[in-house]
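Some notes on the structure that comes next.
We count ligands from 1, going down the list as the structure has it; atoms in each ligand are counted the same way.
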Amino acid sequence: MAKLVDNSFESLSKCAEYLIAGELVAFPTETVYGLGASLWNNDALNAVFIAKKRPKTDPLIVHVQNQEEAKKLVSLKQNEEECFNVLTKKFWPGPLTIILRSASIVPKIVMAGGAFVGIRAPSHKTAQQLLSLSKVPIAAPSANTFGHVSPTKSYHVFDDLKDVSDLWIIDDDTKCDIGIESTVIKIEDKTIELLRPGLITASKIQKEITENKLDFLVIERKKYIENEKISEKQERNKNVSRETFLENAPGQCLTHYSPWVETYIIFDPKTQRTDQFPLRKKQKLLDTDLNISAIVDFGKQYLQYRNIALSYSDLSEVKDIQEAAQKLFIVLRTIEKIQGIKKILIANILFEDDFANALFDRIYRAASGKFVEI
Ligand code: TXA
Ligand code: MG
């Protein structure tokens with residue numbers, strides 16, 4: 001059974017000892033909670049995959065205190081190092097994961113057998129304290145069951161992982177402020193590829209590259225389109241297992257961050273055009289749907305359904321993307337627990353800025369690309 005502990009210095013010191021001894025510690029970061037294991041303990045790394053029911057083909061991010069610690073784990077060419085220095089000087093500690101060619105000391109299991117390791121220095125005070133007390137790099141995916149919504153509260157972690165033995169969950173009052181996972185980029189040769197959008201957007205990265213006159217190309221993957229192709233391929237060829245699929249594109253599968261309840265994005269023909277979104281599947285909303293549905297609004301667009309739907313909440317009445325990101329996972333996990341809920345209908349977040357794209361990415365995945373016309 002997992003155990004909750006507070007975030008006092010004494011508790012964190014104990015958690016650091018548990019980590020070194022090969023036990024697991026779930027800790028808050030500025031994005032979401034991580035399920036941590038010492039990078040130097042193979043049994044603990046294995047236990048992370050088992051606890052999350054995560055396929056071994058999906059690599060883990062390694063958390064470190066700072067640039068110097070990260071450099072011990074990688075093997076970079078001169079230009080890659082310059083790029084790494086510029087980006088980490090600007091964005092670390094913070095919500096940017098950088099995938100780099102690894103040094104030979106990094107255990108293969110965290111890289112899913114590949115040659116690249118994902119690294120990030122979190123800014124959250126508790127995460128930093130844990131890293132400094134344990135003096136080990138901490139491998140940590142998000143602390144949820146594989147495929148479920150990421151956790152931003154200690155009780156979210158407990159809900160998913162309570163049956164895991166030798167797991168300590170740090171119960172921390174300070175919020176996971178950002179609320180969605182870090183941006184993931186890969187630096188290789190002269191390219192920076194954006195693999196997962198987040199608070200650190202492609203344009204912020206591009207700005208640093210330009211200002212520092214680095215000869216690097218920033219490539220932004222249009223993930224939902226990619227994912228659409230991937231899932232079509234999966235549908236066409238039922239023999240291709242989810243595992244084989246993940247091997248080719250770790251962490252890129254369409255159904256990710258999903259609530260246990262069927263979820264749809266609201267498509268509103270009055271305000272939206274079909275060519276604005278990757279409409280994978282669209283169906284009409286039936287009147288009978290509403291009394292078994294939870295509406296998740298954005299900017300009070302669907303207030304008229306407040307008393308008809310089984311549940312109504314608003315990610316941000318004033319259309320603040322940061323507020324919406326902070327609330328999204330909490331709202332989805334709260335709705336899952338409401339008796340009688342069969343559907344979640346989320347307002348579409350229009351592409352108002354780069355960060356909205358990151359939020360749309362999470363909503364699109366929660367809904368597995370399904371839209372409902374209202
Ligand atoms: O904000 C975050 O990044 C949180 C906190 C705990 O740091 N962590 C997190 O980890 O979201 P996870 O494992 O849930 O997501 C990491 C993503 C996955 O999609 C994984 O496939 C990808 O990053 N990733 C990690 N290492 C990689 C590597 N070496 N090569 C390719 N993709 C990698
Ligand atoms: Mg995750």
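The backbone and the side chain of Glu181 each have at least one atom closer than 4.0 Å to an atom of ligand 1 (non-hydrogen atoms only).
Close approach of ligand 1 to Thr31 is summarised as follows: ligand atoms under 4.0 Å from at least one heavy atom of the residue are 1 (O), 2 (C), 4 (C), 5 (C). Atom numbering of ligand 1 starts at 1 in the shown order; those under 4.0 Å from a heavy atom of Val32 are 4 (C), 6 (C). Distances below 4.0 Å separate heavy atoms of His63 from the following atoms of ligand 1: 5 (C), 6 (C), 7 (O). Heavy-atom proximity to Pro141, at under 4.0 Å, picks out these atoms of ligand 1: 10 (O), 12 (P), 13 (O). Listed by atom number, the atoms of ligand 1 under 4.0 Å from Gly34 heavy atoms are 6 (C). Close approach to Ser182 involves these atoms of ligand 1, each under 4.0 Å from a residue heavy atom: 1 (O), 2 (C), 3 (O). Residue-ligand proximity, Phe116 to ligand 1, at heavy-atom distances under 4.0 Å covers atoms 29 (N).
To the nearest 0.5 Å, the span separating NZ on Lys162 from CG on Leu167 amounts to 12.0 Å.
The shell of residues lying under 4.0 angstrom from ligand 1, judged by heavy atoms, includes Arg120. The shortest heavy-atom distance from Arg54 to ligand 1 is under 4.0 Å.
At least one N, O or S atom of Ser142 sits under 2.8 Å from the Mg ion (ligand 2).
Taking all heavy atoms of Asp58, Leu199, Thr183 into account, the minimum distance to atom 20 (C) of ligand 1 is reached by Asp58. The residue among Thr29, Ile99, Leu195 with a heavy atom at the shortest distance from atom 31 (C) of ligand 1 is Ile99.
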Let's go through His124 and Asp177 carefully: what are the C-alpha distance in whole Å and the side-chain angles of both, what is the deciding distance for side-chain contact (heavy atoms from CB on, under 4.5 Å) to 0.1 Å, and is it a yes or a no? CA-CA 9 Å; His124 196 291; Asp177 276 337; over 6 Å; no

side-chain contact (heavy atoms from CB on, under 4.5 Å) for Thr29 and Phe27? Distances and angles first, verdict last. CA-CA 7 Å; Thr29 80; Phe27 60 97; 3.6 Å; yes

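Between Ser142 and ligand 1, at least one N/O pair is under 3.5 Å apart. Not one N or O of Tyr33 is nearer than 3.5 Å to an N or O of ligand 1, by distance alone.
Of the possible donor and acceptor atoms, none in the side chain of Arg306 sits under 3.5 Å from a partner among the backbone N and O of Tyr312. For Lys56 (side chain) and Gly113 (main-chain N/O), no donor-acceptor pair under 3.5 Å exists by modelled atom type. Looking only at distances, a side-chain donor or acceptor of Arg196 sits under 3.5 Å from a matching main-chain atom of Ser182. No donor-acceptor pair closer than 3.5 Å links the side chain of Asn212 to the backbone N or O of Leu214.
Under the 3.5 Å distance criterion, with hydrogens and angles disregarded, no donor-acceptor pair is assigned to the side chains of Ser132 and Gln128.
Under the side-chain hydrogen bond (donor to acceptor under 3.5 Å, both in side chains) criterion, Ser154 pairs with Asp171, sequence neighbours left out.
In this structure, Lys186 satisfies the cation-pi test against Phe116, with its NZ or CZ atom closer than 6.0 Å to the six-membered ring centre and inside 45 degrees of the ring normal.
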